[in-house]
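The block underneath contains the structure these notes are about, expressed in structure tokens.
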2 protein chains.
Amino acid sequence: MNLHCDTCPVRGSAACAVLSDDERAALAKAGRSRTLNRGEMLFAAGDDEAACATLITGALKVSGIDKDGNEQILALVHPAGFIGELFAPFAHHDVVALTESRLCVFARSDLERAIDTYPALARALLRRSQEDLLASRNLLEMTGQASAEARLAALIHDFAAAASDTSCHIAARFELPLTRGEIASMLGLTIETVSRKLGELETAGAIRREGKRGIELVDPALLQALSGRQSA
Amino acid sequence: MNLHCDTCPVRGSAACAVLSDDERAALAKAGRSRTLNRGEMLFAAGDDEAACATLITGALKVSGIDKDGNEQILALVHPAGFIGELFAPFAHHDVVALTESRLCVFARSDLERAIDTYPALARALLRRSQEDLLASRNLLEMTGQASAEARLAALIHDFAAAASDTSCHIAARFELPLTRGEIASMLGLTIETVSRKLGELETAGAIRREGKRGIELVDPALLQALSGRQSA
DNA sequence: CGCCGCATTGAGTCGCGTCAAGTATAGTGG
DNA sequence: CCACTATACTTGACGCGACTCAATGCGGCG
């Protein structure tokens with residue numbers, strides 16, 4: 001399926017936004033659109049011909065499997081995010097869709113060529129990569145020494161921010177994109193602890209649960225206080 | 001102090017290695033050499049005019065401070081490594097020398113200009129950034145659900161690999177670049193636990209301690225087994 | 001020498017993991 | 001429409017591993 005950049009919702013924010021219309025049109029010839037359903041994998045750790053992609057809609061997770069077979073979520077990818085290890089001979093982690101997702105996929109070799117052809121693209125990808133690095137380090141800080149409750153509070157706060165359309169305020173109500181098990185694997189906790197602490201956050205009056213995945217922020221300030229972060 | 005690329009030990013492996021001699025000479029005009037002693041800071045979190053740098057010799061740590069004042073080490077930087085957040089308005093983390101270190105420092109504005117002038121440099125920095133991202137995610141995996149003993153074993157193994165000059169084997173003897181407290185902050189443990197587990201690794205016959213910082217690898221295979229990793 | 005930073009060691013406690021039931025909710029096939 | 005199953009989630013009891021608190025050892029330096 002061919003790309004339709006004209007109607008692309010992340011046209012202005014993805015890496016390819018730095019290209020001129022002509023350049024983007026040329027790049028689009030090499031790429032193609034792809035849709036993944038929840039649970040479908042874009043590529044797996046160890047794949048030697050892993051593609052690169054920009055996420056258009058939906059959400060992805062980047063995860064690794066330790067030797068006991070436990071999954072660990074290392075990063076989430078939101079729309080306009082870029083996926084792909086350009087210089088590694090093979091992929092180091094799995095990339096899986098959390099919700100139905102639409103992507104703009106490129107073969108790695110094509111993208112490497114594009115980087116050389118369009119210097120602005122390399123710069124844009126460098127910027128994204130640095131942002132990803134920052135996100136990864138933030139997750140490190142979060143899981144470093146914080147209590148289970150603080151980790152959960154911080155994660156919920158982040159999700160609320162990500163669920164909001166405008167960047168200046170956070171959503172008061174949203175659906176968790178992750179199952180309890182996925183939250184646990186991301187925060188280095190167990191399913192049971194996540195479930196218990198969610199209950200305690202509700203009892204404390206910080207949030208209200210709606211069904212299995214719905215979260216309403218009752219007291220965002222309290223949530224942030226429990227997360228042990230500076231007010232942003 | 002001016003740069004002397006001719007005698008630079010990381011001339012072949014740092015980001016600037018992708019430049020031609022002429023290009024590097026031009027870039028060198030904008031940069032300058034700087035030496036840091038152990039504990040000296042390159043820049044602090046919040047600095048709005050944080051520089052960028054390539055590490056020539058020594059070792060650095062990238063760390064954050066949580067609101068209780070506890071330091072958390074987020075990454076280590078080895079020679080040829082690049083430091084600097086090119087697109088952020090201010091630095092997010094502290095960067096501090098672990099040992100006496102020599103760096104090649106650039107103002108951020110100069111480096112941004114260089115990226116535009118030399119596309120190959122952007123590509124090289126993108127590559128480094130992706131490697132840093134991978135390292136950060138590896139640390140995430142390591143601190144995610146592993147036991148204190150496994151984390152220590154893995155860290156010691158990594159240090160042994162980093163201390164080796166050739167990439168194909170690991171050093172049998174080396175000095176830990178970190179204090180117990182720094183190891184603890186990097187692994188999300190306490191000083192006491194680090195000290196105890198080091199003792200247990202010695203009792204188990206995996207390592208031998210020499211003074212406060214010296215480590216001799218008695219049984220590397222055992223160490224790797226305890227770290228819970230695949231044999232590389 | 002006396003002080004200070006770093007490391008070790010011990011005793012006690014607690015948070016979170018483990019194990020084990022038990023409860024929704026959706027999907028499937030009869 | 002209803003059993004039947006699968007998957008996700010919740011809840012409780014219990015134990016262990018790592019943190020906390022506290023004391024001691026050790027080396028460097030003024």
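Every value quoted in this text rests on a predicted model; they were computed, and no experiment measured them. Just so you know, these numbers use all the heavy atoms, side chains as well, and skip hydrogens, waters and symmetry mates. First the proteins, then the strands, lettered A, B, ... as listed; each starts at 1.
Between the CG atom of B/Asp68 and the P atom of D/dT20 there is a distance of 10 Å, given to the nearest Å. When the C1' atom of D/dT11 is taken as reference, atom CD of A/Glu200 falls 12 Å away, rounded to whole Å. When the C1' atom of D/dA8 is taken as reference, atom CG of A/Leu198 falls 13 Å away, rounded to whole Å. Spacing between atom CG of B/Leu187 and atom C1' of D/dA18 amounts to 13 Å, rounded to whole angstrom units. For the pair A/Leu98 CG and D/dA8 C1', the interatomic distance rounds to 16 Å; values are reported in whole Å. Look at CD1 on A/Ile191: it is 15 Å from P on D/dT11, rounded to the nearest Å. What separates CD of B/Glu202 from P of C/dA7 is a distance of 15 Å, to the nearest Å. Taking atom CZ of residue B/Arg38 and atom P of nucleotide C/dG5, one finds them 14 Å apart after rounding to whole Å.
Checked by atom type and distance alone, the side chain of A/Thr143 pairs as donor or acceptor with a backbone atom of A/Leu139 at under 3.5 Å. Although no hydrogens or angles enter the test, the distance criterion places a donor-acceptor pair under 3.5 Å between the side chain of A/Asp66 and the main chain of A/Gly69.
Inter-residue side-chain proximity for A/Leu134 and B/His93 is flagged as met; some heavy-atom pair is nearer than 4.5 Å.
Among the protein residues, A/Arg213 comes within range of the sugar-phosphate backbone only, with heavy atoms under 4.0 Å from sugar or phosphate atoms but none that close to a base. If you check every strand for non-hydrogen atoms under 4.0 Å, B/Arg209 touches sugar and phosphate atoms only.
The stretch residues 176-185 of chain A has no heavy atom under 4.0 angstrom from DNA chain C at all.
Not counting sequence neighbours, the partners of A/Phe90 by the ring-ring contact (aromatic ring centres under 6.0 Å, His included) test are A/His92.
Ion pairing between A/Glu202 and A/Arg209 holds under the 4.0 Å rule for side-chain N and carboxylate O.
In the set C/dC19, C/dT8, D/dC9, the nucleotide with an atom closest to the side chain of A/Glu192 is C/dC19.
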All N/O pairs under 3.5 Å across the protein-nucleotides 11-17 of chain C interface:
unit_1	atom_1	unit_2	atom_2	d
C/dC16	OP1	A/Ala148	N	2.8
C/dG17	OP1	A/Gly188	O	3.4
C/dG17	OP2	A/Thr190	N	3.4
C/dG17	OP2	A/Thr190	OG1	3.1
C/dG17	OP2	A/Thr193	OG1	2.4

Contact pattern, 5' to 3', of nucleotides 24-30 of chain D - B, S or - by protein heavy atom under 4.0 Å: -------

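Atom CZ of B/Phe159 sits about 4.0 Å away from atom CG of B/Leu178, to the nearest 0.5 Å.
Residue pairs satisfying the salt bridge (charged side-chain N to carboxylate O under 4.0 Å, His left out) criterion with at least one member in residues 171-180 of chain B, sequence neighbours excluded, are listed as follows: B/Arg173-B/Glu210, B/Arg173-B/Glu216.
Nearest approach of A/Arg11 to A/Cys5, heavy atoms of both residues: CD-O, 3.5 Å.
Defining each end axis of the helix from C/dC1-D/dG30 to C/dG30-D/dC1 as the rotation carrying four pairs' C1' atoms onto the next four, with five pairs an end, the two axes are found to diverge by 30° to 10 degrees.
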